[in-house]
Each structure stands twice: as structure tokens, then as C-alpha cells.
Engineer: 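Quick one: structure below, then a few questions.
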Amino acid sequence: MKAIASAPAKTILFGEHSVVYDEPAIAGAVNKRAYVEITKSDRDKSILRSYDLNFEVELDTKHKKYILKKGKPGIIRYILEALNRVHDHTPIEMTLSSSVPIGSGLGSSAAVTVATLAALYRYHNIRFNKKSLAHDAHMVEQAVQGVASPLDTLVSTYGGLVYLSRNKKVEHFKVNFNVPFVVGYTHKHGNTGKIVKDVRNLKNNNPKIINPVITSMGNLTNYAKQAILKGDFKKVGELMNINHGFLDVLGVNTLELSRMVYVARGAGAIGSKITGAGGGGSIIALCPDKVNEVARAINKSDNVLKIRFTRKGVSSRVYE
Ligand SMILES: Nc1ncnc2c1ncn2[C@@H]1O[C@H](COP(=O)(O)OP(=O)(O)OP(=O)(O)O)[C@@H](O)[C@H]1O
Ligand SMILES: C[C@@](O)(CCO)CC(=O)[O-]
Ligand SMILES: [Mg+2]
């Protein structure tokens, strides 16, 4: 018996970081995915491996211990947390593959977590639905990072373009939002857990300054929702640029991210901003009519990822 699952990466259009403080956010699933496969092992220990992320872990799930045979522990922590919550100690072989750049603001941790939980639920024949899966995946991110909003794991579970309201209501945009975006990313990985905690410290040390910024980011996201519904991409772009300024105030901008943001605008993007936690990772640029020019300009000093939004969220199945 083999259980497999996959879940999409995401890009945040508006609301990263402010969503941690219950402000609204808009994010979409994109055409990069994480894949997890689980089979029964005939060895006495479980093995977790990834050929493309180049890591291998020997798991002693009975004693909740692991030996990192090769690779870095980062993303593995999400998988181990999911295993601790769901798996018994029967030996399994778990293989992860992913086309999502890790630590690049595109929700690799959420895609890996959602795919891992879905594959484990299938393997153990545990009933679940998208609501329960998104919740459980959020709890895993919360446990690993210390602080996490439900946004990334919601988008990886449901797919599509999602508006998350202040009272955590999920709305799916019905509009056809396939306007051309370009994602630029640096090889400087971010670490969302650490960056979110840094923002929390800044907020706690300067509440009278940062709290109104967080509130304004929430209001901006609601204006952006109206602009998207009206198809007013000029306004969407303008609001992306303002949102980027707010993220700079929160301290999550870097030289590389700024360079890509302004290179994109100089090449014709009508809006560009950090997407995801920042501190490394990615920017997103809205460039109707100028996709190739913007992609070429960013690619001169950084990396470009042509993304498309996808309605396809998590998928999973069992092969007997
Ligand atoms: N090459 C790597 N191999 C394994 N883990 C890595 C590697 N590079 C980074 N990591 C870790 O993977 C995790 C990536 O999750 P993180 O949430 O930080 O980024 P992300 O999900 O890709 O971006 P965001 O959360 O901003 O959307 C982090 O714990 C990071 O330390
Ligand atoms: C920075 C953040 O808002 C998004 C990370 O992709 C963190 C979170 O929502 O958990
Ligand atoms: Mg993440």
C-alpha cells in the first residue's frame, strides 16, 4: 500500500505579517507543488528522504527521535512535527519531492506540511476534510515556528485565490485573476519563524508606531480586495507598492529584495512588493504587457520564477 499527496505553494499578494495580528490577507496557490509518498518499510526503522532537497533522516518514531544522515534540519522539522502528531511507530519509507524553492517566501513549509499530513491521514485511513486538514497543518506550522497565521496552510489546502477576513472567514475569489505576475527570488533563504518573531519584538517595543501600521495594512488589503473584484489592476499595483513600504517599516526588507522591487518597477511592473515573510526569499511584481521585460530585468542579478495561480489545492490518494 502506498499513500501519496501533493499540495501547492502560494504567493501572498497582500497582508503578510499583518495577518499574524488578525488583519485580512489575500494569497493565491501557484503552480509549484510539494509531493509526499509513504510506503510500509520492511526495516525496523522509518526513513524520511528527499532526493531534490538532498536530505535523509532515520526515524525512531517509537522514541520520537531522529538521526539526520544528511542535509539541513529546517524543513524536516515540519515533517517531524506532523509525524509526531499522526504516526504510530510502525516503520515507513517517506519520500518528499518539491518544486517549491525552500525558504523563498512561497510557502514551502505550508505545502510540505499539508502534503505530509494528507499522505499520513491516507496511509492510516484517518478521515479528514479540507477544513480539518488546513487547521491541523496550521497547528503544525504554529508548533514549529512559535507564531503562524492560518493563511499559508489554508491556501495550500484549498488552492485558488483566497481572501482571509479579520474574523478568519475564508472567501474564494471567483474572478479570473490570471494577470501576469513575475516572482523574483534570491538564494538568501528566509526563516519565517525567526522573522515573524523579530516583527513581534519590534511591535512590542514600539506599539504606538507599529500597531497603526498593522491596522493600515489590514485596511489596504480590503481596498485591494475591492480593486481585484473590479479588475482595477492599476489600483492593485499602487496598493502593492504601498504594502511594500509598510513591510519595509516592519524591518523585513533586504537589499536584494529592494533591488528586485525597484528593478521590476523600472522595467514596467505597475506594482511590486515582498511576498511571504521577507528577510530573504521573494518579491512579486504585477506586470500586464511587460512580463518578459520585467523577468529579463530581474534575471540580470537575481532569479525569476514564472508563476501562475492555480485552483488546484491539496490532492491525495492511496494505491493498494
Ligand atoms: N536547503 C534547505 N533544506 C532544508 N531546509 C531548509 C533549507 N533551506 C531553508 N530551510 C528551512 O526550511 C524552512 C522553510 O520554511 P519557511 O516558512 O521559513 O519558508 P517558506 O515557507 O518557504 O516561506 P514563507 O513561509 O515566507 O512563505 C525553514 O525552517 C528554513 O530554515
Ligand atoms: C509572514 C507570514 O504572514 C506569512 C509567511 O508566508 C507568516 C504567517 O502568516 O504565518
Ligand atoms: Mg513558511
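Both ligands and their constituent atoms are indexed starting at 1 by order of listing. Both backbone and side-chain heavy atoms feed into the values below; hydrogens, waters and symmetry mates do not.
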Engineer: With atoms numbered from 1 as shown, which atoms in ligand 2 lie under 4.0 angstrom from a non-hydrogen atom of Ala148?
Structural biologist: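 This gives 10 (O) as the contact atoms.
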Engineer: Under a 4.0 angstrom heavy-atom cut-off, which atoms of ligand 1 come close to Asp152?
Structural biologist: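 The atoms of ligand 1 under 4.0 Å from a heavy atom of Asp152 are 25 (O), 27 (O).
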Engineer: Please confirm whether the backbone N or O of Arg308 pairs with a side-chain atom of Asn31, one donor and one acceptor, at under 3.5 Å?
Structural biologist: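 Present.
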Engineer: Is Ser258 reaching over with its side chain to a backbone N or O of Leu255, donor-acceptor style, under 3.5 angstrom?
Structural biologist: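 No; zero donor-acceptor contacts below 3.5 Å.
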Engineer: List every atom of ligand 2 that sits less than 4.0 Å from any heavy atom of Val20, numbering the atoms from 1 in the order shown and giving each element.
Structural biologist: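 That gives atoms 3 (O), 7 (C), 8 (C), 9 (O) of ligand 2.
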Engineer: May I ask you to list the atoms of ligand 2 that are less than 4.0 angstrom from any heavy atom of Val19?
Structural biologist: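 What qualifies from ligand 2 is 3 (O), 9 (O).
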Engineer: For the side chain of Lys10 and the backbone of Gly105, is there at least one donor-acceptor N/O pair under 3.5 Å apart?
Structural biologist: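 Judged by distance alone, yes, a pair lies under 3.5 Å.
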Engineer: What about Glu16: any of its N or O atoms under 3.5 Å from an N or O on ligand 2?
Structural biologist: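 No, since none of the N or O atoms of Glu16 sits under 3.5 Å from an N or O of ligand 2.
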Engineer: Could you tell me whether the side chains of Asn129 and Ser132 share a donor-acceptor contact shorter than 3.5 Å?
Structural biologist: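 Yes, because at least one side-chain N or O of Asn129 sits under 3.5 Å from a partner of the opposite role on Ser132.
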Engineer: Atoms of ligand 1 less than 4.0 Å from Lys10 heavy atoms?
Structural biologist: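 Result: 27 (O).
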Engineer: Find all atoms of ligand 1 within a distance of less than 4.0 Å from any non-hydrogen atom belonging to Asn191, and give their numbers and elements.
Structural biologist: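 Here the atoms of ligand 1 in question are 18 (O), 31 (O).
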Engineer: Of all the non-hydrogen atoms in the protein, which one sits nearest to atom 23 (O) of ligand 1, and at what distance?
Structural biologist: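 Minimum-distance protein heavy atom for atom 23 (O) of ligand 1 reads Gly105 N, 3.2 Å.
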Engineer: State the CD1-CG distance between Ile38 and Leu120, to the nearest 0.5 angstrom.
Structural biologist: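 Atom-to-atom, Ile38:CD1 and Leu120:CG are 4.0 Å apart.
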Engineer: Find all atoms of ligand 1 within a distance of less than 4.0 Å from any non-hydrogen atom belonging to Gly74, and give their numbers and elements.
Structural biologist: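 Within the 4.0 Å cut-off of Gly74, ligand 1 contributes 5 (N), 11 (C), 12 (O), 29 (O).
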Engineer: Below 4.0 Å, non-hydrogen atoms only: which portion of Val147 touches ligand 2? Side chain, backbone, both or neither.
Structural biologist: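 For Val147, there is no contact with ligand 2 at all, from either part.
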Engineer: Can you tell me which residue and heavy atom of the protein come closest to atom 5 (C) of ligand 2, and the distance to 0.1 Å?
Structural biologist: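 Nearest neighbour among protein heavy atoms for atom 5 (C) of ligand 2, to 0.1 Å: Asp152 OD2, 3.3 Å.
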Engineer: With atoms numbered from 1 as shown, which atoms in ligand 2 lie under 4.0 angstrom from a non-hydrogen atom of Ile12?
Structural biologist: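 What qualifies from ligand 2 is 4 (C), 6 (O).
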Engineer: Taking atom types as modelled, find out whether Ser109 and Glu141 have a side-chain donor-acceptor pair closer than 3.5 angstrom.
Structural biologist: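 Yes, side-chain donor-acceptor contact under 3.5 Å.
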Engineer: Using a strict 4.0 Å cut-off to heavy atoms of Gln145, name the atoms of ligand 1 that fall inside it.
Structural biologist: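 The list of qualifying atoms is 17 (O).
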Engineer: Near Ser104, which atoms of ligand 1 are under 4.0 Å from a heavy atom of that residue?
Structural biologist: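 Heavy-atom distances to Ser104 below 4.0 Å select 22 (O).
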Engineer: For ligand 1, which atoms have a heavy atom of Lys72 less than 4.0 angstrom away?
Structural biologist: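 Once the distances to Lys72 are compared, the set is 1 (N), 2 (C), 4 (C), 7 (C).
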Engineer: Out of Thr11, Val252, Ile102, Thr192, whose heavy atom is nearest to atom 16 (P) of ligand 1?
Structural biologist: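 It is Thr192 whose heavy atom sits nearest to atom 16 (P) of ligand 1.
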Engineer: Checking only N/O/S atoms, does Ser109 have one that is under 2.8 Å from the Mg ion (ligand 3)?
Structural biologist: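 Within the cut-off used here (under 2.8 Å), Ser109 does place an N, O or S atom near the Mg ion (ligand 3).
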Engineer: What atoms of ligand 1 come within less than 4.0 Å of a heavy atom belonging to Ala277?
Structural biologist: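 By the 4.0 Å cutoff, the relevant atoms are 26 (O).
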Engineer: Run the contact test for Tyr78 against ligand 1 with a 4.0 Å cut-off on heavy atoms, strictly below, and give the result.
Structural biologist: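 For ligand 1, residue contact (heavy atoms, under 4.0 Å) with Tyr78 is present.
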Engineer: Quick one: does Ala277 get a heavy atom under 4.0 Å from ligand 2?
Structural biologist: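 In this structure, Ala277 qualifies as a contact of ligand 2 - some heavy atom is under 4.0 Å.
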Engineer: Please confirm whether Lys10 comes under 4.0 Å of ligand 2, counting heavy atoms of the residue only.
Structural biologist: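 Yes.
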Engineer: Please confirm whether His17 comes within less than 3.5 Å of ligand 2 when only nitrogen or oxygen atoms on both sides are compared.
Structural biologist: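 Such a contact does occur with ligand 2.
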Engineer: With a 4.0 Å cut-off on heavy atoms, is Gly71 touching ligand 1?
Structural biologist: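 Outside the 4.0 Å threshold, so no.
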Engineer: So between Ala27, Ser149, Gly281, whose heavy atom ends up nearest atom 10 (O) of ligand 2?
Structural biologist: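 Minimum heavy-atom distance to atom 10 (O) of ligand 2 goes to Ser149.
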Engineer: Just need the protein heavy atom nearest to atom 29 (O) of ligand 1, so name the residue and atom and give the distance.
Structural biologist: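 Of the protein heavy atoms, Arg77 NH2, 2.7 Å lies nearest.
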Engineer: Among Gly276, Ser109, Gly190, Gly280, which one has a heavy atom closest to atom 30 (C) of ligand 1?
Structural biologist: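 Residue with the shortest heavy-atom distance to the ligand atom: Gly190.
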Engineer: Using a 3.5 Å distance criterion without hydrogens, assess whether the side chain of Ser104 forms a donor-acceptor pair with backbone atoms of Ile102.
Structural biologist: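 Confirmed, Ser104 side chain pairs with Ile102 backbone.
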Engineer: Check for a donor-acceptor pair, side chain of Arg49 on one end and backbone N or O of Glu58 on the other, with a separation under 3.5 Å.
Structural biologist: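 Checked: no pair found.
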Engineer: Decide whether the shortest distance between a heavy atom of Leu151 and an atom of ligand 2 is less than 4.0 Å.
Structural biologist: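 It does not, in that no heavy atom of Leu151 comes within the 4.0 Å cut-off of ligand 2.
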Engineer: Counting heavy atoms only, which part of Ile195 comes closer than 4.0 Å to ligand 2: side chain, backbone, both or neither?
Structural biologist: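 Ile195 to ligand 2: no contact under 4.0 Å from either part.
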